[in-house]
2 protein chains.
Amino acid sequence: MREPTFLVLTALAGGPQHGYAVIEDIAGMTGGRVRLRAGTLYAALDRLRAEGLIEVDREEIVQSRLRRYYRLTGAGEQSLTAETARLRTQATIAERRLRARRIQLGGATT
Amino acid sequence: MREPTFLVLTALAGGPQHGYAVIEDIAGMTGGRVRLRAGTLYAALDRLRAEGLIEVDREEIVQSRLRRYYRLTGAGEQSLTAETARLRTQATIAERRLRARRIQLGGATT
DNA sequence: TTCTCATATACCGATCATCGGCATATGCTG
DNA sequence: CAGCATATGCCGATGATCGGTATATGAGAA
């Protein structure tokens, strides 16, 4: 799973949101580092829906503009949980090696 | 950064290794889940070298077979450190949301 | 009024990392 | 001698993401 996809699932884990709100949520979540392109977001939404990880929650018309809300499915929650565990495991392995390396090499840089 | 790339850097954080050893190391590290294809590995090695994140450490001939060892550069170490922090941060955010969600929804599944 | 920006969804071509397969070569083991 | 592990490397296909564009409305600025 790529980063944008993971972030979309994370955004929806907090509760149903419509597309544009997901973009904003992710931007906030990442301190502005990640601002998904519309193409990326809606393609991801379609794909995740086809995979059964998210589904349409409801549709609203606000100021004559459509808002389509999405929510995480059970499968989506499981998938996000597994992916999160994977991220944490890999971070831990990398940190252990980096720490060991610093002890070995000291402050030396190539 | 994609997962295979991250894992290559992690492998080299433990010390210089040649390509094939990196594949084995990553397979072990991920409990067999990730076994990089040769094409992926050598392409990644070339790319990371071009980006200055790794460099050739030395070359050996073992049983008339070439072994090219790679090592992490200072830039590579920095990059891996930053990426690891990012992973950890995102895992934390996702976990917080998943936890809050479980409290909200209880055991309900869609 | 008119322009720009934020909101909101959606499509499109281009890019590029990865996948999967193949080629090549050697040495060990059954 | 066949098959497997070791070892590097190329190649075409796939697919997620990027960047841009289109469409539409309302709000606020010029």
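These numbers come from the heavy atoms of this one structure, side chains and all, not from hydrogens, waters or symmetry mates.
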Please assess A:R86 against B:E3 for the test salt bridge (Lys or Arg N to Asp or Glu O under 4.0 Å), listing each intermediate value before the final yes or no.
CA-CA 10 Å; A:R86 185 180 71 71; B:E3 198 191 3; 2.7 Å; yes

Take A:R88 and B:E95 through the salt bridge (Lys or Arg N to Asp or Glu O under 4.0 Å) test and state the conclusion after the steps.
CA-CA 10 Å; A:R88 204 170 265 295; B:E95 271 159 12; 2.9 Å; yes

Would you sort out whether B:E60 and B:R68 count as a side-chain contact (heavy atoms from CB on, under 4.5 Å), showing the intermediate values?
CA-CA 6 Å; B:E60 280 178 7; B:R68 185 140 46 219; over 6 Å; no

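When the C1' atom of C:dT18 is taken as reference, atom CG of B:L41 falls 12 Å away, rounded to whole Å. The nearest whole Å value for the distance from the NE2 atom in A:H18 to the P atom in C:dA6 is 16 Å. One atom, CD1 of B:I26, and another, P of C:dC19, lie 10 Å apart when rounded to the nearest Å. What separates CG of A:D46 from P of C:dC12 is a distance of 12 Å, to the nearest Å. Counting to the nearest Å, the C1' atom of C:dA10 and the CD1 atom of A:I23 are 11 Å from each other. Straight-line distance from the CG atom of A:L36 to the P atom of C:dT7: 15 Å, rounded to whole Å. Taking atom CZ of A:R49 as the reference point, atom P of C:dA10 lies 8 Å away to the nearest angstrom. What separates CD1 of B:I61 from C1' of C:dT26 is a distance of 12 Å, to the nearest Å.
Taking only side-chain nitrogens and oxygens, A:Y20 comes nearer than 4.0 Å to OP1 or OP2 of C:dT7. Distances shorter than 4.0 Å separate some side-chain N or O of A:T5 from OP1 or OP2 on D:dT17. Considering only side-chain N and O atoms, B:R65 lies nowhere under 4.0 angstrom from the phosphate OP1 or OP2 of C:dA25.
Among the heavy atoms of the strands lying under 4.0 Å from A:S64 are primed sugar atoms or P, OP1, OP2 only; no base atom is included. Counting non-hydrogen atoms under 4.0 angstrom, B:G39 reaches a base of the nucleic acid. Residue A:A38 is in base contact, counting any heavy-atom pair closer than 4.0 Å across all strands shown.
Under 4.0 Å is where a charged nitrogen must lie from a carboxylate oxygen, and between A:R67 and A:D57 no such pair does. No salt bridge links A:R49 with A:E55; every basic N to acidic carboxylate O contact stays at or beyond 4.0 Å.
Minimum atom distance to the side chain of B:T40 is reached by C:dC19, of the listed D:dT6, C:dC19, D:dT17.
Side-chain contact check for A:H18 versus A:R65: every heavy-atom pair is 4.5 Å or farther apart. Using a 4.5 Å heavy-atom cutoff, the side chains of A:M1 and A:S79 are in contact.
Comparing A:A43 and B:V62 by the nucleotide of DNA chain D that holds the closest heavy atom to each, the one mapping nearer the 5' end is B:V62. Comparing B:P4 and A:A21 by the nucleotide of DNA chain C whose heavy atom lies nearest to each, the residue mapping closer to the 5' end is A:A21.
End-to-end axis angle of the helix from C:dT1-D:dA30 to C:dG30-D:dC1, using five pairs per end and rounding to 10°, comes to 0°.
Atom CD of B:E59 has more than 12 heavy atoms from other residues, nucleotides or ligands within 6.0 Å.
With hydrogens and angles left out, the side chain of A:R2 and the base of D:dT17 share no donor-acceptor pair within 3.5 Å. Taking 3.5 Å as the limit, the base of C:dT18 and the side chain of B:R37 contain no donor-acceptor pair of atoms between them.
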